[in-house]
Peer 1: 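Quick one: the structure is below, questions incoming.
Each ligand, and each atom within it, is numbered from 1 in the order the structure gives. Numbers here simply count residues along the sequence, with the first being 1. Being a predicted model, the structure only gives us computed values, none of them experimental.
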Amino acid sequence: MDDEPIDKQDILNELEELHKLDHDYADGRILGSMCTEAHPFAKEVYCKFLDTNLGDPGLFKGTKHIEKEVINSIGELLSLDEAYGNIVTGGTEANLMAIRAARNHARKYKGITNGEIIIPESAHFSFKKAADMLNLKIVEAKLDENYKIDVESVKESISDKTVAIVAIAGTTELGLIDPIEEISKIAFENNIYFHVDAAFGGFSIPFLRELGHDLPVFDFSLEGVCSITVDPHKMGLAPIPAGGIIFRCEEYLEVMAVDSPYLTVKTQSTIVGTRLGASSAATYAIMKYLGKKGYSNISQNLMGNTKFFSEGLKELGYEIICEPELNIVAFNHPTMDTNELAEKLENLGWKVSVAKCPVAIRVVLMNHIKRNHLEELLEDLKDIY
Ligand code: 0PR
């Protein structure tokens with residue numbers, strides 16, 4: 001730090017220069033991000049709530065009420081009348097809370113001390129962090145030939161140490177939805193906690209189903225589902241950081257509660273102590289502002305772009321890994337190595353993401369990627385071919 005204060009304008013100029021090194025969503029070149037530019041109204045509201053702290057909710061009763069309302073609204077989207085949970089920093093923290101709840105619940109009611117969690121090979125790496133922090137062993141369930149969790153493999157993976165089963169509604173790499181209904185049944189019959197990671201799909205699957213898309217049910221209407229991750233900062237158009245964790249019952253929060261004696265509320269279940277109220281307020285605002293109609297239109301539009309892009313790829317001779325269920329397309333050149341293709345695209349200014357399972361170029365068709373960008377991308381892919 002400098003000894004003397006520096007003029008505001010000088011600081012702003014310096015920051016502006018550094019900010020120029022960042023990529024801008026508006027360029028339409030960021031192909032592998034599940035985040036996008038937040039809605040301007042959500043940003044406006046976010047700034048108004050920057051000083052609120054949900055770590056001490058008794059001081060911020062209004063903002064705490066807003067968080068509860070947001071959790072209820074998301075719960076309602078997921079077929080849950082009374083929802084419990086929190087707006088957190090993202091999918092990682094939401095998944096960590098879910099696994100912590102499952103572990104503590106199993107410890108309390110089943111006496112399991114060295115637990116295991118069953119996750120699909122396609123699970124986001126946040127579960128590896130959760131297992132590491134919570135001292136749990138990961139048991140990976142295999143994927144079937146369609147890259148979805150293999151139900152038989154889940155059955156075979158269950159042991160008397162299993163504290164949770166995880167399935168994904170909108171996988172990170174391919175945007176696929178696991179057979180949640182079957183897994184829910186298995187979890188329920190075996191009295192095992194079942195968590196659904198819908199960090200990406202949670203803000204689109206309900207709307208697409210309403211619109212008649214043939215997508216499987218993944219929510220609390222299935223009796224085995226104990227918790228769901230849904231991230232407002234992905235398809236919800238809220239500013240970063242905004243993740244959502246929704247629990248079926250309050251008990252799951254209670255098994256994580258620690259005493260917080262000198263605060264206005266005497267126990268705390270979240271991982272983070274001091275935490276933003278701005279994320280809840282911005283999510284509340286954007287959900288009200290867009291309504292189901294707004295989100296339906298966005299989801300429908302993005303699926304239209306997805307179809308346009310995947311059909312365009314096929315016409316050029318590229319091979320898509322699977323028919324997209326959500327707004328992610330993964331593809332390869334029939335003969336060229338994926339990393340070589342990725343490099344060629346990078347050289348043309350595209351910010352490319354390469355999936356690992358299977359190895360493929362992966363494009364997440366978020367709001368910032370418009371039709372004209374897709375046309376330019378297809379044009380470049382034509383030249384490369
Ligand atoms: N669950 C799923 C299914 C996810 O896809 C992700 C993140 C998470 C959980 C974790 O969420 P947070 O990153 O909010 O903690 N999926 C993307 C990924 O890691 C996130 C992302 C976003 C990556 C923007 C790149 C990027 O530019 O691939």
Peer 1: Which residue pairs satisfy the salt bridge (charged side-chain N to carboxylate O under 4.0 Å, His left out) criterion with at least one member in residues 255-281, sequence neighbours excluded?
Peer 2: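 Sorted result for residues 255-281: E67-R275.
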Peer 1: Centres of the Y193 and H105 rings: under 6.0 Å?
Peer 2: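 Ring-ring flag for Y193/H105: false, centres at least 6.0 Å apart.
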Peer 1: Using a distance-only test with no angle check, is there a side-chain donor-acceptor pair under 3.5 angstrom linking T264 and D56?
Peer 2: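 There is such a pair (donor and acceptor under 3.5 Å, judged by atom type) between the side chains of T264 and D56.
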Peer 1: If you draw the axis of the six-membered ring of Y84, does the NZ or CZ of K68 fall within 45° of it and under 6.0 Å from the ring centre?
Peer 2: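 Yes - K68 lies over the ring of Y84, closer than 6.0 Å to its centre and within 45° of its axis.
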Peer 1: Decide yes or no on side-chain hydrogen bond (donor to acceptor under 3.5 Å, both in side chains) for N327 and N305, but give the supporting numbers first.
Peer 2: CA-CA 8 Å; N327 45 322; N305 286 350; over 6 Å; no
Peer 1: Using a cut-off of under 3.5 Å, which N/O atoms of ligand 1 pair up with protein N/O atoms, and what distance separates each pair?
Peer 2:
residue: ligand 1; atom: 1 (N); partner: D197; partner atom: OD1; Å: 3.3
residue: ligand 1; atom: 1 (N); partner: D197; partner atom: OD2; Å: 2.6
residue: ligand 1; atom: 5 (O); partner: T172; partner atom: OG1; Å: 2.7
residue: ligand 1; atom: 11 (O); partner: G91; partner atom: N; Å: 3.3
residue: ligand 1; atom: 11 (O); partner: K234; partner atom: NZ; Å: 2.9
residue: ligand 1; atom: 14 (O); partner: G91; partner atom: N; Å: 3.0
residue: ligand 1; atom: 14 (O); partner: H233; partner atom: NE2; Å: 2.9
residue: ligand 1; atom: 14 (O); partner: K234; partner atom: NZ; Å: 3.0
residue: ligand 1; atom: 15 (O); partner: G91; partner atom: N; Å: 3.3
residue: ligand 1; atom: 15 (O); partner: T92; partner atom: N; Å: 2.8
residue: ligand 1; atom: 15 (O); partner: T92; partner atom: OG1; Å: 2.5
residue: ligand 1; atom: 19 (O); partner: H124; partner atom: NE2; Å: 2.9
residue: ligand 1; atom: 27 (O); partner: S33; partner atom: OG; Å: 3.3

Peer 1: Hydrophobic cluster membership, with links at side-chain heavy-atom distances under 4.5 Å among I/L/V/M/F/W/Y: are L341 and W350 in one?
Peer 2: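 Yes; W350 is reachable from L341 via cluster members.
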